[in-house]
Amino acid sequence: MNSRYEFAAIEKKWRAEWEKNPVNKEDDKKPKYYCLDMFPYPSGTGLHVGHWRGYVLSDVISRYKLLQGYQILHPMGWDAFGLPAENYAIKTNTHPEVSTKANIANVKRQLHEISAIYDWSREINTTDKGFYKWTQWIFARMFEKGLAYEKEMPLNWCPSCKCVLANEEATNGVCERCGSQVTKKNLRQWMLKITNYAERLLNDLDKLDWPEKVKKMQSDWIGKSYGAEVDFKVDGTDKKITVYTTRPDTLYGATFMVLSPEHKLVKEITTDECRQAVEDYCYQASTKSSVDRMSDKEKTGVFTGAYGVNPLNNALIPIWVADYVLADYGTGAIMCVPAHDERDFEFAKKFNLPIIQVIKPKDEEEKELTEAYTGDGVMVNSPLFEGMTAFEAKEKAPHMLEEKGLGKKTVNYKLRDWVFSRQRYWGEPIPLVHCPHCGTVVVPDDQLPVELPEVENYKPTDTGESPLAAIDSWVNTTCPKCGGPAKRETNTMPQWAGSSWYFLRYADPHNDKELASKEALKKWLPVDMYVGGVEHAVLHLLYARFYTKFLYDIGVVDFDEPFLKLFNQGMINKDGSKMSKSKGNVVSPDDLVKKYGCDSLRMYELFVGPPEVDSEWDDSGIDGVFRYLNRVWKFIYTYKDKNHAPTKESDFVKNTMIDQITKRLEALTTNTVVSGFMEYTTKMIDIAKAQDGIDKSCIEDLLILLAPFTPHIAQELWSDTGHEGSIFDTSWPKADLSKLTVDEITIPLQINGKFRENLKISAESDKETVLAKAKEVLATRLAGKTIVKEIYVPNKIVNIVVK
RNA sequence: GCGGACAUGGCGGAACUGGCAGACGCGCCAGACUCAAAAUCUGGUUAUGGUGACAUAGUGUGGGUUCGAUUCCCACUGUCCGCACCA
C-alpha cells in the first residue's frame with residue numbers, strides 16, 4: 001500500500017476490474033430495487049457538473065440498496081428522437097442519424113467517468129428500430145381503442161421549429177424548445193385522448209411519493225373544476241346557447257353573455273346590422289398569435305345584436321363576442337356576472353354594460369362596487385337562493401337547476417387532448433395508412449416497425465407538411481386491408497413518445513416478441529426511485545403516467561403508476577445563473593476528474609448543497625472533500641495494522657456514525673451525510689491517536705459506508721486492509737443502539753431562557769438531583785434573585801426563571 | 001393578477017417533533033515544518049465592548065404566543081419558481 005492517495009491509478013484499476021466483473025449481479029433470491037435516471041437526450045455539448053448531480057445521486061442510492069441486499073436495476077439509455085437532436089443536426093449540417101450517433105458516443109464516454117453501476121447490457125436507444133417498433137405498437141393499440149383521432153383545429157405552431165406543439169410544450173405562448181413565440185395555425189393533426197384519463201391522472205397523484213410541488217403542478221395542469229352548464233335561449237329564435245359556469249349561484253347577476261370568436265353559433269345569431277363588425281372581429285382574432293391574444297391588457301369585443309334569455313327570470317341580456325373567452329374550454333360560451341367576476345367587471349366597465357349585485361358581503365353596507373366581489377356573502381336579488389350564503393348556493397345551485405330542467409351539474413378540466421403529430425423528419429413514423437377505400441388503416445403488427453426512410457433532405461418545410469411527404473417511394477404503399485394503392489401517414493411522433501414508456505423496456509430490452517415480457521415486467525417494475533429535474537413535471541411525467549394507465553387497461557402491465565417515488569435534484573448554477581455554453585459558465589467534470597479523481601467529484605456533488613435545492617458551484621469547494629479523502633487514506637495507512645480492542649469510546653463513535661449516516665442517507669440529505677463522514681472520521685482519528693490503535697471494525701464499517709459514495713478508494717482500502725473480493729459483496733452495517741447510551745450527559749443551564757453554564761451529570765439523575773445541582777452551579781448568578789419557576793426537560797435543558 | 005417555495009457569518013450551508021444558533025466545508029488570519037515555497041498539521045475566525053474569563057446584540061422587517069422561537073401564528077419586504085383571461 002502506497003503512503004499517498006494515488007487516485008488516478010486506483011480509479012483506473014478498479015474501473016477495469018468492474019468492467020470485467022460488475023459488482024451488481026442479478027439474484028432472484030433478493031428483493032428488487034429499480035432506480036432510474038431520466039435518460040438523457042444525447043446533446044452535442046456533452047455533460048457538465050450539473051448533470052452529474054442527479055446521476056451521482058441515483059448511483060449512490062443504487063449502491064446503498066445493493067449493500068442492503070437488493071438486486072438492482074440501474075439502467076441507462078438515450079432519448080434520441082425529437083426536436084433537440086434534429087435541430088442540432090440542422091445547425092451543424094449533419095444528418096441526425098450521424099450526429100446522434102456521435103453525440104451518444106461522447107456522452108457515453110463522459111458517463112463512464114462517473115463510474116456508476118449502469119447495466120450497459122440493457123442500454124436502449126429510442127431511435128433503434130427494435131425500440132420504436134414498440135413505440136408504434138402502443139400507438140396502434142391506442143388507435144384501435146379510439147384514443148387516437150384526427151382533428152382540424154387552430155394549433156400552436158412554432159415558426160422556428162416549423163412544427164406544431166402540444167399545449168404542454170407551449171406554456172406562456174413560447175416554444176418549450178427554442179423560445180420562439182408560438183403562433184396559431186389551422187391544421188389537421190393526430191390527437192391522443194389524454195383527457196379520458198384526466199380523473200385518474202388527478203386522483204392517483206395521492207398514491208405517489210412525489211414532491212408536493214410536482215403533484216400540485218400536475219393537478220393544476222389537469223385543472224378540475226365543478227360547476228354547471230346552463231342553457232340560455234336566444235331571444236326570437238329556437239336556438240340556445242349552453243354556458244359553463246363555476247358560479248351558478250350568481251345566475252341572477254348575469255347581465256350579458258360572451259361567445260368565443262370561434263363559437264359555431266356566432267354566425268347564426270349575429271344580426272345584419274352587426275354582421276360586418278362581428279366578422280371583422282372574428283377574422284382579426286383568428287390571425288392573432290396566442291401571445292398577442294393573451295398579452296392584450298384591454299379587453300376587446302363586439303355586440304352580435306342578439307339577446308339571450310336568463311332562464312331564471314327571463315331577463316334579456318345582450319350577447320357579445322370577445323376573444324377572452326376560449327373556444328376549447330367549457331362550452332366556448334359564458335354568462336357574465338360583472339358584479340362577481342373580475343374579467344366580466346372589466347368588460348362591463350369598458351362597454352358600459354349593467355352591473356347587478358347578487359351577493360352582499362357580510363357586515364358591509366350596500367354600496368356601488370369599485371371592483372368585482374368574489375368572496376362569500378348573503379344572496380340578494382336572487383329569489384331561488386333566498387336566505388342562502390353565496391358558497392352554500394354555489395354548492396346547491398347545480399342540483400337545483402338540474403331539477404328545474406334548466407341546466408346540469410358539470411365537471412371541467414383544463415387539460416386538453418395531446419397533439420401527437422409533428423411535421424418533422426427525426427421521429428417515429430405514425431403507423432397509419434390512408435386508403436381511398438378503407439379510410440385510415442393501422443399498419444398490422446407484423447409489418448412494424450414502419451421504418452423511418454433514409455433521406456438526403458431532412459429539413460422541415462414551411463407548408464405544415466413533414467419532409468417525409470416528399471418521398472414518393474415511401475409515401476406510396478398498399479393498403480394493408482384491401483391491398484389497393486394507399487398513402488402513408490407522413491407525420492412523425494413527438495419527442496415524448498419514446499420516453500413515455502422507455503422505463504418498461506429496460507426490464508427486457510432485447511425482446512422482439514413483446515415490448516417486454518410479463519415476467520420481466522413483474523420482476524422489475526414499477527420504478528422504485530426516479531431521479532431527474534423538475535422541468536418535466538407536466539410533460540414527460542404526465543405523459544408517462546397516461547401511457548402506463550393505458551397499458552394497464554389493455555393488460556400489458558399490472559400496475560397503473562410507473563414511478564412510485566420521484567426525486568427532483570436541484571440545478572447547479574455558476575456565477576448566479578444556469579450553466580450554458582452561450583454564457584460561458586459551463587464547468588466540465590472532465591477536468592475535475594483529472595485533477596481530483598472521480599471519487600472526490602462524486603462526493604463534492606453531494607456536498608455542494610441540499611440535493612433538491614439549486615446550488616451554486618464553487619470549484620474551490622472540492623478541495624475540502626479531496627483533503628478529506630486524503631485524511632481517510634492516511635488514517636487507514638497508519639492504523640491498518642494497529643488493531644486495538646473496542647473501547648466504550650470507539651464503539652460510541654462507530655455506532656453513532658452508522659446510525660447518523662444511514663438516517664441522513666435515507667432522508668436524502670446528502671450534504672449532511674458528507675459532513676457526517678468528516679465529523680466522525682475526525683473523531684475516530686482522535687481516538688486512534690490517543691490509544692495508538694483502533695478497533696478494526698471501525699475501519700471496516702467506515703469503508704463500507706463510504707463505498708456507495710466513493711467506490712474506488714473504498715474498494716482499494718478494503719483490499720489493502722486484507723479483505724478478499726468486492727466490498728459490495730458485504731452488507732451495510734447496522735448500528736448497535738445499545739452502544740449509543742452514555743454515562744454522563746451535558747445539560748445546558750439557562751436563566752430566563754439565556755444559556756449560562758453547562759452541567760455534567762450522570763445520565764441516570766432524576767429531576768430533583770439535576771435541579772439541585774443546577775442551582776448549585778448557578779449559585780452566584782442566582783444570588784439575590786427570586787426563583788419564579790424551574791423547568792427541566794429530561795436530558796435536554798434546565799431553565800430557571802427569576803425575578 | 002393567482003398559487004407555491006425560500007430568506008441564517010466574507011461564501012456554500014447545519015440545527016431531529018420549540019431547547020447551547022453558526023455543525024461540516026470553502027475562504028481568511030496566526031503558528032509549526034521548510035533555506036524558501038507548495039503540500040501537510042495545529043489553533044483562531046458572527047458583530048460590538050474588554051488584556052482577560054466575560055458582557056451585550058444577533059437567523060430579511062415589525063408584532064404575537066411561550067419559561068424558552070431560526071423553528072409556531074399574524075402582517076410586511078425581498079428573491080426564486082409555477083400558472084396565467086380555464087368563466
Side-chain angles (χ1 to χ4, degrees), chain A residues 4 171-173 211-214 216-218 220-221 223-225 227 243-248 250 254 257-258 260 293-297 299 322-337 340-344 346-347 374 412-416 534-535 537-538 571 573 603-604 607-610 612-628 630-631 634 660 663-664 667 669 671-682 746-759 788-793 795-802:
Chain A
R4 286 188 50 186
T171 53
N172 293 319
E212 284 309 312
K213 180 189 162 125
V214 175
K216 185 160 193 322
M217 279 169 74
Q218 289 215 354
D220 284 353
W221 189 261
K224 184 177 187 177
S225 69
V243 304
Y244 172 69
T245 177
T246 55
R247 295 297 303 270
T250 63
M257 305 175 70
V258 177
S260 74
R293 208 164 143 167
M294 283 191 301
S295 64
D296 274 348
K297 286 195 189 89
K299 295 233 175 329
D323 68 3
Y324 80 91
V325 175
L326 306 174
D328 55 357
Y329 179 78
T331 60
I334 59 170
M335 67 170 202
C336 298
V337 185
H340 306 294
D341 181 282
E342 282 162 29
R343 294 147 304 182
D344 299 345
E346 198 191 317
F347 196 83
T374 54
N412 254 303
Y413 301 92
K414 288 188 197 175
L415 184 71
R416 311 294 150 91
V534 75
E535 65 272 16
V538 287
M571 259 183 349
N573 297 327
M603 198 168 224
Y604 184 54
F607 188 51
V608 73
E612 73 280 7
V613 173
D614 290 357
S615 296
E616 172 74 18
W617 186 266
D618 175 8
D619 266 348
S620 63
I622 196 175
D623 283 318
V625 292
F626 183 66
R627 282 175 200 147
Y628 167 70
N630 276 285
R631 272 203 304 279
K634 209 172 130 192
Q660 283 299 312
K663 277 185 183 148
R664 295 175 189 187
T669 55
N671 52 328
T672 63
V673 171
V674 177
S675 72
F677 272 126
M678 294 170 169
E679 200 182 332
Y680 298 116
T681 306
T682 304
T746 305
I747 298 178
L749 307 179
Q750 299 182 333
I751 297 177
N752 287 346
K754 280 210 161 70
F755 169 75
R756 291 303 165 193
E757 307 274 347
N758 274 321
L759 173 67
V788 182
K789 204 171 179 181
E790 296 169 7
I791 290 148
Y792 174 55
V793 183
N795 300 335
K796 280 245 170 97
I797 205 150
V798 170
N799 188 15
I800 312 276
V801 185
V802 297

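Here is how names work: the chains are called A, B, and so on, in the same order as the sequence lines, proteins then strands, and each is numbered from 1.
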[atom1]-based separation of [M] from [N] [nearest Å]:
| N | M | atom1 | result |
| --- | --- | --- | --- |
| B:rG31 | B:rU17 | P | 44 Å |
| B:rA15 | B:rA53 | C1' | 28 Å |
| B:rG22 | B:rC76 | P | 33 Å |
| B:rA84 | B:rU79 | P | 23 Å |
| B:rG44 | B:rA23 | P | 11 Å |
| B:rG64 | B:rG10 | P | 28 Å |
| B:rA39 | B:rG78 | C1' | 44 Å |
| B:rG25 | B:rG43 | P | 12 Å |

On the nucleotide [N], are OP1 or OP2 found under 4.0 Å from the side-chain N or O atoms that [X] carries?
| X | N | result |
| --- | --- | --- |
| A:R627 | B:rC26 | yes |
| A:R631 | B:rC24 | no |
| A:Y329 | B:rA87 | yes |

For the pair A:F347 and A:Y324, name the ring-plane relationship: parallel under 30°, tilted 30 to 60°, perpendicular over 60°.
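If you compare the ring of A:F347 with that of A:Y324, the planes turn out tilted.
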Below 3.5 Å is the cut-off: list the nitrogen or oxygen pairs between protein and nucleotides 5-15 of chain B, distance only.
unit_1: B:rG12; atom_1: O2'; unit_2: A:V608; atom_2: O; d: 2.8
unit_1: B:rG13; atom_1: O3'; unit_2: A:N671; atom_2: ND2; d: 3.3
unit_1: B:rA14; atom_1: OP1; unit_2: A:N671; atom_2: ND2; d: 3.0

Can a donor-acceptor pair be found, under 3.5 Å and without considering hydrogens, that links the side chain of A:N412 to the backbone of A:S225?
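No, because the side chain of A:N412 does not come within donor-acceptor range (under 3.5 Å) of the backbone of A:S225.
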A:N752 side chain to A:V802 main-chain N or O, any donor-acceptor pair under 3.5 Å?
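Looks like yes, one N/O pair under 3.5 Å.
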Nearest to the side chain of [X] - [options]?
| X | options | result |
| --- | --- | --- |
| A:E679 | B:rC24, B:rC85, B:rG25 | B:rC24 |
| A:M678 | B:rC24, B:rC20, B:rA55 | B:rC24 |
| A:I334 | B:rC26, B:rC20, B:rA87 | B:rA87 |
| A:W221 | B:rG82, B:rC85, B:rA84 | B:rA84 |

Is it the case that B:rG19 (base atoms only) and A:Q750 (side chain only) share a donor and an acceptor within less than 3.5 Å, ignoring hydrogens and angles?
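Present.
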Check: B:rC81 base within 3.5 Å donor-acceptor of A:K213 side chain
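There is none.
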A:T681: what forms a side chain to side chain donor-acceptor pair (under 3.5 Å) with it, not counting sequence neighbours?
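A:T681: side chain to side chain donor-acceptor pair (under 3.5 Å) contacts with A:Y628.
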Could you pull out all residues at least two apart from A:K663 that satisfy side chain to side chain donor-acceptor pair (under 3.5 Å)?
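In terms of side chain to side chain donor-acceptor pair (under 3.5 Å), with neighbours along the sequence ignored, A:K663 is linked to A:D659.
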Between [N] atom [atom2] and [X] atom [atom1], what is the distance in whole Å?
| X | N | atom1 | atom2 | result |
| --- | --- | --- | --- | --- |
| A:N752 | B:rA69 | CG | P | 11 Å |
| A:N799 | B:rG68 | CG | P | 8 Å |
| A:E342 | B:rA84 | CD | P | 17 Å |
| A:E790 | B:rG68 | CD | P | 16 Å |
| A:M571 | B:rU79 | CE | P | 18 Å |
| A:I751 | B:rA55 | CD1 | P | 10 Å |
| A:Y628 | B:rA23 | OH | C1' | 15 Å |
| A:D623 | B:rU40 | CG | C1' | 13 Å |

Scan A:K414 against the nucleic acid and name what it touches under 4.0 Å (heavy atoms): base, sugar-phosphate only, or nothing.
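The answer is base, as A:K414 lies within the cut-off (heavy atoms under 4.0 Å) of a base atom.
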Determine the contact category for A:K663: base if any of its heavy atoms lies under 4.0 Å from a base atom, sugar-phosphate if only primed atoms, P, OP1 or OP2 are that close, otherwise nothing.
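No contact at all - A:K663 keeps every heavy atom at 4.0 Å or more from the nucleic acid.
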Chi angles and distances behind the side-chain contact (heavy atoms from CB on, under 4.5 Å) call for A:D220, A:K216:
CA-CA 6 Å; A:D220 284 353; A:K216 185 160 193 322; 2.9 Å; yes
Pick out which of A:Q750, A:K754, A:E790 makes a side-chain contact (heavy atoms from CB on, under 4.5 Å) with A:N799.
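Result: among A:Q750, A:K754, A:E790, A:Q750 is the only option passing the side-chain contact (heavy atoms from CB on, under 4.5 Å) with A:N799.
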A:D341 vs A:R247, test: salt bridge (charged side-chain N to carboxylate O under 4.0 Å, His left out). Steps then yes/no.
CA-CA 9 Å; A:D341 181 282; A:R247 295 297 303 270; over 6 Å; no
The test is side-chain contact (heavy atoms from CB on, under 4.5 Å); show your working for A:M335 and A:D344 and say whether it passes.
CA-CA 9 Å; A:M335 67 170 202; A:D344 299 345; over 6 Å; no
With syn defined as a glycosidic torsion within 90 degrees of 0 and anti otherwise, which applies to B:rG22?
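Anti.
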Residue mapping more 5' on RNA chain B - nearest nucleotide basis, A:T245 or A:V534
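By nearest-heavy-atom nucleotide position, the 5'-most residue is A:V534.
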If you assign each of A:V798 and A:Y413 to its closest nucleotide in RNA chain B, which residue comes earlier from the 5' end?
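First, find each residue's nearest nucleotide; the 5'-ward one identifies A:V798.
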Between the protein and nucleotides 44-50 of chain B, list every N/O to N/O distance that falls short of 3.5 Å.
none

Dot-bracket for RNA chain B, please, read 5' to 3', with Watson-Crick or G-U wobble pairs under 3.5 Å on both distances, ( ) within the strand, [ ] crossing, | other strand, . unpaired.
(((((((..(((......[....)))((((((.......))))))((((....))))..(((((..]....))))))))))))....
Please write out the pairs of protein N or O atoms and N or O atoms of nucleotides 63-66 of chain B separated by less than 3.5 Å, giving the distance to one decimal.
none

